[in-house]
Amino acid sequence: MSRPIHAEIPLAAFGHNYAVAKRAAPGSRVLAVVKANAYGHGVARVARALPQADGFATLELDGAVRLREQGFAREILLLEGFFEAAELPILAHNRIATSVHCEEQLRMLEASPPPAPVDCYLKINTGMNRLGFMPEGAKAALERLQACGAARSITLMTHFATADGPEGVHEAMNRFESATRGVSLPRSLANSAAILAHPRTHAETVRLGIALYGATPFADRTAESLGLAPAMTLRSRLIAVQEIGPGEHVGYGATFFAPQAMRIGVVACGYADGYPRHAPNGTPVLVDGVRVVTAGRVSMDMITVDLTPVPAARIGSPVVLWGEGLPIDEVAAHAGTVGYELMCALAPRVPVVEVA
Ligand SMILES: *Cc1c(COP(=O)(O)O)cnc(C)c1O
């Protein structure tokens with residue numbers, strides 16, 4: 001038998017979560033965001049599971065071209081756009097849409113126009129301060145994009161910094177609306193948080209990331225309460241059980257001391273599998289469907305858990321690190337991060353098992 005860890009991916013979860021977004025934003029096209037290998041789930045797998053998607057959005061040109069070659073006929077958008085003029089003919093040839101977020105990209109479009117016009121998303125910086133034209137410069141950028149003849153269509157785009165938090169989208173929407181007043185073009189503004197919490201942002205096209213994968217974009221609303229289904233369950237098994245006496249310690253650095261005699265379960269899953277090394281003692285794990293907690297530092301290939309709540313556990317007992325029965329968001333919160341980071345970090349050495 002091989003090492004007993006695998007990531008189980010229920011293909012039906014993608015359609016389920018996509019439908020949740022469609023119901024939340026019924027008048028909008030929903031692009032499925034598949035950057036970072038579809039947040040660790042596999043781009044080709046998600047594309048196969050979501051033939052109904054209105055489009056896909058990603059970052060990598062070769063991944064976008066592959067989607068096209070695999071026969072996906074609807075929109076494919078590059079969220080960071082192109083990085084050099086040599087990519088423009090590839091965009092045109094494969095009908096790949098690009099964000100246009102900076103002066104340098106505009107200049108490339110003017111100086112080395114693609115052989116055929118491409119669909120462009122003109123990105124406006126409404127407060128994130130990463131990508132996009134400043135609101136004051138947005139109309140001038142738009143005029144240049146229209147004048148250069150390289151754009152087959154133009155969509156106005158922004159990305160919210162605080163759609164998931166108490167600040168919301170009010171300030172960013174004010175900036176966007178004043179930057180684009182009087183311009184009648186389609187818009188794409190919303191990420192998962194805005195799709196689920198801010199209907200006024202929906203417009204023509206939304207961009208669905210984390211919620212497609214069944215995790216919550218919010219700190220204070222669970223995925224379950226949003227009707228989302230987990231799209232990844234990280235499973236393993238106990239590969240050893242230690243019976244230790246009071247005062248014994250567990251793992252590197254001796255960060256856990258047994259207060260009394262106890263059984264420690266050793267799980268085949270460590271940080272080289274994508275489990276967060278920062279997860280402290282007390283992070284939840286399911287053993288035989290029972291909630292236990294980690295005891296001792298996460299190591300490269302193993303974690304250790306306190307088996308007190310599950311006395312029948314033995315070598316071979318099934319373990320869930322996150323997913324079905326244990327929300328990834330809860331594990332992430334213990335480790336001081338978000339579900340996004342855990343799913344993206346799933347290591348290539350972990351086999352993936354698709355289930356229907
Ligand atoms: C990653 C990304 C998204 C998706 O964000 P989620 O919070 O995962 O829904 C949307 N838009 C842009 C520009 C992105 O980079």
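Only this structure's heavy atoms are used, side chains among them; waters, hydrogens and symmetry mates stay out. First listed ligand is number 1; within each ligand, the first listed atom is number 1.
Looking at atom 9 (O) of ligand 1, its nearest protein heavy atom turns out to be S192 OG, 2.5 Å. If you check which protein heavy atom lies closest to atom 1 (C) of ligand 1, you get K35 NZ, 1.5 Å. For atom 12 (C) of ligand 1, the nearest protein heavy atom (residue, atom name, distance) is H159 CE1, 3.4 Å. Among all non-hydrogen protein atoms, the one lying nearest atom 7 (O) of ligand 1 is Y340 OH, 2.6 Å.
Under the 4.5 Å side-chain criterion, counting only non-hydrogen atoms from C-beta, H159 is in contact with R207. Residues E204 and S188 fail the side-chain proximity criterion, which asks for heavy atoms closer than 4.5 Å.
Residue W322 comes nearest to V331 through the heavy atom pair CB-CG2, 4.1 Å, listed as atom of the first residue, atom of the second, then distance. Among all heavy-atom pairs drawn from E324 and L286, the shortest one is O-CD1, 3.8 Å.
At a 3.5 angstrom cut-off on N or O pairs, I210 counts as close to ligand 1. Of the polar atoms of R207, at least one N or O is found under 3.5 Å from an N or O of ligand 1, judged by distance alone. Residue contacts with ligand 1: G209 is placed with a nitrogen or oxygen under 3.5 Å of a nitrogen or oxygen of the ligand (distance criterion only).
Aromatic ring centres of H41 and Y213 lie closer together than 6.0 Å.
Residues E103 and R107 are paired through a salt bridge, judged by an N-O separation under 4.0 Å between the basic side chain and the carboxylate. Remark: D288 does not engage R237 in a salt bridge, criterion side-chain N to carboxylate O under 4.0 Å.
Contacts of P217 with ligand 1, taken as heavy-atom pairs under 4.0 Å, are absent altogether.
For ligand 1, the atoms lying closer than 4.0 Å to a non-hydrogen atom of Y39 are 1 (C), 4 (C), 5 (O), 6 (P), 8 (O).
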